[in-house]
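Starting from 1, each residue takes its place in the sequence as its number.
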Amino acid sequence: QAPRQAQKVPFQVIGMAAPPPAAFEISGRKGITVDPGMAAILEPYQTRRRVYQTFNPCRVTMLVLLGIFVVVCSINIGEETFAAWARVGGHEGADHGDDEPKGEKADWGYTLEECRNECHHHLGVIGNCTDDRDGHEKFRLEYQEKKFLFASEAYAGGSSLFHERGYCQIRQNVPRWKSLVTIAVFSFAIALVIQGGRGEVILVGGCAILAALSIVENHTVYEGLASAGVVGLALLFPIADAISETGVLEKAMGSLLGTPTSLSMALVRLSGYVLLMSAFLSNTATVALMIPVTLGWSRRIGIHVGKLLMPLSYVAQLGGSITQVGSSHCVVAADVTKNRYNGGKSPMGMFDLTMVACLVAFFTSVFLVLTAGTPLLTSSADVGQGSAAGEVIEFEAGEDAEANVEGYRINMLLVAGPFLGKSLDATGLKRVAGVYAAEVTTGSAEALKEGDSLDFFCDIGGLIQLRQQPGLILTSHTLLQSLGARRRKRFLYEVAVDAESEFIASDILSQKERLIAEFGAVLIAGPKARKAVTAPKLWPGSVLVFEANEEWVTVRAEERWRKACSLISKIPGSSPQRIGGPVDDMRSAAVCGGMVLMILTLALPLRLFENLELYIVASVLVLFYLLIRAISIDRMLSVIKVDILLIITGAIALGNALTTTGVVAWLASSVLQP
């Protein structure tokens, strides 16, 4: 191996301090890197392109057509087309004289009879306030939150209902332009979302426009963020992240998914596991967790991932409907309907949807399995790879085409896990992304057992994937424990050795304890070389892989790293998993036990917990996770999907706008009435 003459470059840590080079999209091609001088020349063209993308002819034409629609309909539609319920009076209600109610009901103010008189006063004609149940009653009493009382219901229910007090609501006509503008904004927002626009920006922005036009009240734009359903959903994200970090899901995954030999069996195993997981975790978190797992699993079993990802998405959504906490729409629906569900007697329970959801999920999963390998289930995979017919893809790593690929040689030990008793080929480790070759150095490749030693030739991505495989540990795992317990702050670093580096001038790399004491790092792999080079030598420009605490690289030993390396690249997502140790096992048990206790608290009709809602129980559980350090505050804030919460908030606000402007009532009457 010839030495590499590396040019001396300024020290920098990629991904930590140095900004990335300027990159633009030229002629629709992404990732083209240009010189900063050329960037200044291209900037005006990029600005024009962005303006054209924002105000393209399709969107402008749609906006003009919607404007014409509003004008034409304002001329031809009658004044009484749109009507909605609106509160009148206030908390003070009517003047009751000496009979003024005392206590908490005093704030409500109106009885049903007083609301009728208020209706006569506002509408001007007594005959307009009807009492029939033909869907056109003009007044009602909101005597509980989102719970209403009509005159006909009071007559049918007995005289006691006439004494209920609440807010008086009158059905009033809404100006046509307000309703039509709301329809136009709603239609334009949906069209932009279909075209690929950011839903959270479009929906919330559309509601802000309606508030600016005084069509809806200002507080309704972000009112959804304060709803119990949205808050509960936000807290489920860190709960799901804490559970996934325990490694329990990966351990179960290894035994449940296994190594099927056909696409149909792969879909059966995948569907069952994902249905169970998404029933108790957010389906969004389930998909995010399962995508990288499915990518690696598909390589191990030799089935193209294009056949698995779409069924994964479908099954996760179906599984999310099995319980109240499994999906965002179930969480929000339970909150919105809590005063109407089951006649207002009790809110939606944890397992109220389970029977129907399980039936739908079962038949859908059966359909997916039956259509596997048919034109009904197609992907972008090439027919030559066998994915069109669903058969297994057979290929070998380390062929001549990969002879010139550079990578790292790493040694790992086999511990208790899903690979014991299987052959090396059956484990699928040779097909892990980024792994070019694998062999057993201690033990038998036909029947792996605990303690066997395996050698891998891989790139940095393959190294990360192998470290995440349950049942595999690095031979240097005992040294890695000397780096400290703050594993979230430890990362893999690829470094280019400087010509004057002490890594070359001294034997510090062979003195592992000294390397830990002076650099706060452990050598993981390197130097990087071709597969044919069995014993690569260390030269200026050679690339090594270390695991180190970020504080040592940037603060405590920053000067030593600066002199030893000309370039350092921090590998994102390379922190070691927090599993395997005694403390990790206790923390995992506490995390899973807390999740089970939350489900039991919400599901069982215990008198002590009958008034607790999801967001309260989830808040206590997240606090518990923070106390046992199952999740950090920074991690908790980073895993909350703000975009999803804003989408739900915008959807709630837009739905409220359609209701208050009478559009919903108009559509309902148009569809239901003959």
Side-chain angles (χ1 to χ4, degrees), residues 231-254 273 276-293 323 325-326 328 331 350 416-417 464 467-471 473 477 480-481 483-491 547 549-551 572-603 609 612-642 644-645:
V231 174
L233 176 63
L235 293 170
L236 288 178
F237 289 117
I239 291 175
D241 184 76
I243 293 176
S244 65
E245 195 179 47
T246 62
V248 173
L249 299 178
E250 285 77 5
K251 292 179 182 178
M253 205 175 301
Y273 183 78
L276 182 63
M277 190 187 340
S278 61
F280 299 100
L281 298 180
S282 168
N283 56 5
T284 304
T286 300
V287 172
L289 175 66
M290 286 297 299
I291 283 178
V293 173
T323 64
V325 300
S328 58
V331 175
M350 173 66 74
I464 296 175
R467 293 188 68 183
Q468 295 176 351
Q469 298 294 328
I473 59 174
H477 69 281
L480 292 173
Q481 296 176 0
L483 296 179
R486 301 179 63 188
R487 280 168 285 183
R488 292 193 184 99
K489 299 296 183 179
R490 284 158 44 187
F491 298 92
E547 180 172 320
N549 192 298
E550 186 175 11
E551 183 182 0
S574 60
S575 297
Q577 294 180 303
R578 302 172 70 212
I579 57 176
V583 177
D584 298 329
D585 293 339
M586 290 188 293
R587 181 172 52 244
S588 299
V591 169
C592 296
M595 180 65 182
V596 172
L597 184 60
M598 184 188 78
I599 295 173
L600 293 177
T601 301
L602 295 173
F609 305 124
L612 292 182
E613 296 187 39
L614 171 63
Y615 72 100
I616 297 297
V617 181
S619 299
V620 175
L621 185 57
V622 170
L623 180 60
F624 173 68
Y625 286 172
L626 290 173
L627 291 175
I628 65 174
R629 297 186 178 182
I631 190 171
S632 64
I633 295 178
D634 293 338
R635 179 66 178 174
M636 179 190 69
L637 296 176
S638 65
V639 299
I640 294 177
K641 307 292 184 182
V642 179
I644 295 179
L645 301 182

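- We find the OG-CD1 distance between Ser638 and Ile633 to be 12.0 Å, quoted to the nearest 0.5 Å.
- Put simply, the side chain of Tyr625 never gets that close to the backbone of Ile239: no donor and acceptor are under 3.5 Å apart.
- Between the CZ atom of Arg486 and the OG atom of Ser632 there is a distance of 10.5 Å, given to the nearest 0.5 Å.
- In this structure, CG in Asp584 is found 7.0 Å from CZ in Arg578, a value given to the nearest 0.5 Å.
- Between Val622 and Pro238, the closest heavy-atom pair is CG2-CG, 4.2 Å.
- With rounding to the nearest 0.5 Å, the separation of CG in Leu236 from CG in Leu614 is 5.5 Å.
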Take Ile243 and Val591, measure what side-chain contact (heavy atoms from CB on, under 4.5 Å) needs, and give me the verdict at the end.
CA-CA 6 Å; Ile243 293 176; Val591 169; 3.8 Å; yes
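- By the 4.5 Å heavy-atom criterion applied to side chains, Arg467 and Pro576 are counted as neighbours.
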Applying side-chain contact (heavy atoms from CB on, under 4.5 Å) to Val583 and Arg629, what does each step give before you reach the verdict?
CA-CA 11 Å; Val583 177; Arg629 297 186 178 182; over 6 Å; no
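- The two atoms that bring Val639 and Phe237 nearest to each other are O-CB, 3.6 Å, heavy atoms only.
- To the nearest 0.5 angstrom, Arg488 atom CZ is 7.0 Å from Ile631 atom CD1.
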Set out, in order, the CA-CA distance, both residues' side-chain angles and the distance that settles side-chain contact (heavy atoms from CB on, under 4.5 Å) for Leu480 and Leu483, then state yes or no.
CA-CA 6 Å; Leu480 292 173; Leu483 296 179; 4.0 Å; yes
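- Taken to the nearest 0.5 Å, the CE atom of Met636 stands 8.0 Å off from the CG atom of Leu235.
- Here the side chain of Ser574 pairs no donor or acceptor atom with the backbone of Phe491 at under 3.5 angstrom.
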